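Quick note: residue numbers are just sequence positions, from 1. As the structure is a prediction and not an experimental result, all values here were calculated from the model. In listed order, ligands and their atoms are each counted from 1.
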Amino acid sequence: MNILLLGSGGREHALAWKMVKSHHCDDLFIAPGNAGTSQFGTNLPIEVTDFEAIKKACIEYKIQMLVVGPEEPLVKGIYDFIRQDAQLRHITVVGPSAEAAQLEGSKAYSKKFMQRHGIPTAAYAEFTSDNLEEGKAYIRHHPLPVVLKADGLAAGKGVVIAATHEEALQVFEEMIVHRQFGEASSKVVIEAFLQGIEVSVFVLTDGQDYQIIGHAKDYKRIGEGDTGLNTGGMGCVSPVPFMDAFFMQKVEERIIRPTVQGLSKEQLDYHGFIFFGLMNVNGEPFVIEYNCRMGDPETEVVMPRLQTDIVSLFAAMDNGTLVDTNIVFDERSCAAVMAVSGGYPGSYLKNFLISGLETLETDGSAMVFHAGTREEDNEVLTNGGRVLAVTAYGNTIAEAVAKSKAVLENIRFEGIYYRKDIGYEFN
Ligand code: AMP
Ligand code: GLY
């Protein structure tokens with residue numbers, strides 16, 4: 001079948017790499033894609049939220065499956081758009097309806113969902129300009145640190161962990177009164193700080209059944225030793241040593257199963273990935289957030305470790321046979337190290353030539369997944385903050401990370417920076 005993949009990051013390059021291995025995949029199209037995705041299919045110059053252009057492409061290229069990488073088109077209703085269009089409704093969409101995507105699109109919605117289904121998460125309250133003073137009083141009495149979250153999508157910047165009440169009050173006003181993130185911060189969730197280790201678990205569901213397709217630990221801070229500003233993710237490792245069968249059983253019983261049962265009970269139309277952002281608090285799992293998509297760079301380690309044909313899984317998700325599928329993982333560890341532009345996550349320059357890509361070994365033990373790259377006159381140029389992720393396999397996490405770094409030593413662009421301590425706790 002012909003498949004259209006929406007997005008342009010390392011996640012999409014890794015999904016493209018995985019999907020073209022499937023004998024179910026005939027022609028692959030990526031909108032808009034990057035210099036890496038064009039190795040596996042045809043990039044189309046279409047924005048992920050331009051639904052009319054997506055419709056035209058679906059018809060022109062006889063698309064039978066639409067795989068949605070980022071959250072924005074999902075929250076804006078791409079699933080519903082396809083379902084409601086007589087010319088498109090036969091297409092299998094990997095991604096939830098707009099309503100179900102609120103699990104990511106609104107922090108308040110997801111907190112209420114978790115409360116309704118008894119899913120462990122941090123205690124919280126939500127406020128708008130209508131109860132601003134109440135919110136301030138709530139903050140003043142809240143133990144420290146306190147976590148403030150813009151309700152809506154804020155490009156990964158909407159969460160602040162405030163160390164003092166003064167800072168929290170300032171952030172609260174900034175979000176609600178000054179609309180720091182526009183409409184997205186007209187409502188703010190204030191929640192208790194959870195002390196622990198973060199881990200992400202990935203599930204594919206049809207809203208009734210599910211399969212766990214992998215997990216990973218992401219390194220979010222720009223600086224080594226987990227210091228400095230938050231980023232989209234600077235690297236990932238999988239499997240995570242503390243995700244043993246005992247902990248995984250708790251995650252499945254207390255979190256994954258009640259979540260999928262909740263979707264089913266509430267008749268939410270959910271055919272796609274669920275990304276469970278979890279905190280391991282002294283061996284007990286809590287949900288920090290849901291995302292309605294795969295993670296980036298988590299996908300760059302989850303796809304390489306997943307041996308099952310992903311397109312078959314998507315088809316099974318669509319026809320109600322997900323429960324009969326068999327998930328097989330590569331036994332090896334996997335690490336992804338993200339190379340970013342100098343200055344990221346602050347301001348940075350683009351359009352630097354990337355060299356060293358052509359001399360990479362091709363024995364399959366390492367892959368370069370492009371994120372912010374573009375092609376011009378047969379050259380690859382930087383085109384974003386996160387530029388590329390190098391994923392490698394190893395017998396241990398340390399070995400996989402060492403291999404990723406060895407590959408990165410041969411890749412150059414002006415201002416290149418990457419963390420050399422990814423997976424440091426597991427050495
Ligand atoms: P998010 O934008 O929802 O992914 O949150 C960004 C980051 O904030 C998370 O990855 C966590 O590191 C941190 N975070 C969010 N909520 C909490 C919480 N309740 N306790 C501790 N850390 C949190
Ligand atoms: N790496 C975190 C995310 O994709 O949200």
Handout entry: Backbone N/O of I222 and side chain of Y219: donor-acceptor pair under 3.5 Å
Key = no
Problem - Options L148, D218, I288, ranked by nearest heavy atom to atom 14 (N) of ligand 1, top entry - result: I288
Problem - Protein residue, atom and distance nearest to atom 8 (O) of ligand 1, heavy-atom basis - result: V159 CG1, 3.6 Å
Problem - Nitrogen or oxygen atoms of G232 and ligand 2 under 3.5 Å apart - result: yes
Completion exercise
Closest to atom 4 (O) of ligand 2 (heavy atoms only, candidates D296, T231, T299) is D296
Completion exercise
In this structure, atom 4 (O) of ligand 1 is nearest to the protein heavy atom E289 OE2, 2.7 Å
Exercise for the section: For Y418 and G235, indicate whether the former's side chain and the latter's backbone hold a donor-acceptor pair under 3.5 Å. Expected result: no
Practice task
Number the atoms of ligand 1 from 1 as they appear, then name those within less than 4.0 Å of a heavy atom of K220, with their elements.
Solution key: 10 (O)
Practice task
Answer yes or no: does atom NE2 of H141 have more than 12 heavy-atom neighbours from other residues, nucleotides or ligands under 6.0 Å?
Solution key: no
Problem - N/O donor-acceptor pair under 3.5 Å between D209 side chain and L322 backbone - result: no
Exercise for the section: Return yes if a side-chain donor-acceptor contact under 3.5 Å exists between S97 and D269, otherwise no. Expected result: no
Problem - A192 to ligand 1, any heavy atom closer than 4.0 Å - result: yes
Exercise for the section: Might you point out which heavy atoms bring V146 and A168 nearest each other, and give the distance in Å? Expected result: CG1-CB, 3.6 Å
Completion exercise
Note: ligand 2 atoms sitting under 4.0 Å from heavy atoms of E298 are 1 (N), 2 (C), 4 (O)
Problem - Distance-only side-chain donor-acceptor flag, Y210 / T259, under 3.5 Å - result: no
Practice task
Compute the minimum heavy-atom distance from R293 to ligand 2 and say whether it is under 4.0 Å.
Solution key: yes
Practice task
Check the angle between the aromatic planes of F40 and H13 and answer parallel, tilted or perpendicular using the 30° and 60° thresholds.
Solution key: tilted
Practice task
Go through the side-chain N and O atoms of E12 and T37 and say whether any donor and acceptor fall under 3.5 Å apart.
Solution key: no
Handout entry: Donor + acceptor pair across side chains of Y424, D226 (<3.5 Å)
Key = yes
Problem - Side chain K111, main chain E191, donor-acceptor under 3.5 Å - result: no
Problem - Donor-acceptor contact present, side-chain T382 to main-chain N351, <3.5 Å - result: yes
Exercise for the section: Give the atoms of ligand 1, by number and element, whose distance to some non-hydrogen atom of F193 is under 4.0 Å. Expected result: 20 (N), 21 (C), 22 (N)
Exercise for the section: Quick one: look up the protein heavy atom nearest atom 13 (C) of ligand 1 and list residue, atom name and how far away it is. Expected result: I161 CD1, 3.9 Å
Practice task
Report, in ascending order of atom number, the atoms of ligand 1 lying under 4.0 Å from any heavy atom of K107.
Solution key: 3 (O)
Exercise for the section: Classify the contact between R11 and ligand 2 as side chain, backbone, both or neither, using a heavy-atom distance cut-off of under 4.0 Å. Expected result: neither
Exercise for the section: Would you mind listing which atoms of ligand 2 come within a distance below 4.0 Å of any non-hydrogen atom of G295? Expected result: 4 (O)
Practice task
Below 4.0 angstrom from a heavy atom of L194, which ligand 1 atoms are there? Numbered from 1 as shown, please.
Solution key: 18 (C), 19 (N), 20 (N), 21 (C)
Exercise for the section: Without swapping roles, check the side chain of T391 against the backbone of E300 for a donor-acceptor pair under 3.5 Å. Expected result: yes
Handout entry: ligand 1 contacted by M279 (non-hydrogen, < 4.0 Å)
Key = yes
Handout entry: Shortest protein heavy-atom distance from atom 2 (C) of ligand 2, along with the residue and atom involved
Key = D218 OD2, 3.4 Å
Practice task
Report the nearest protein non-hydrogen atom to atom 9 (C) of ligand 1: residue, atom name, distance rounded to 0.1 Å.
Solution key: E198 OE1, 3.5 Å
Problem - Nearest neighbour in protein (non-hydrogen) for atom 19 (N) of ligand 1 - result: E191 OE2, 2.7 Å
Exercise for the section: May I ask whether K149 has any heavy atom positioned less than 4.0 angstrom from an atom of ligand 1? Expected result: yes
Exercise for the section: For F275, take its heavy atoms, then give the atoms of ligand 2 lying under 4.0 Å from any of them. Expected result: 3 (C), 4 (O), 5 (O)
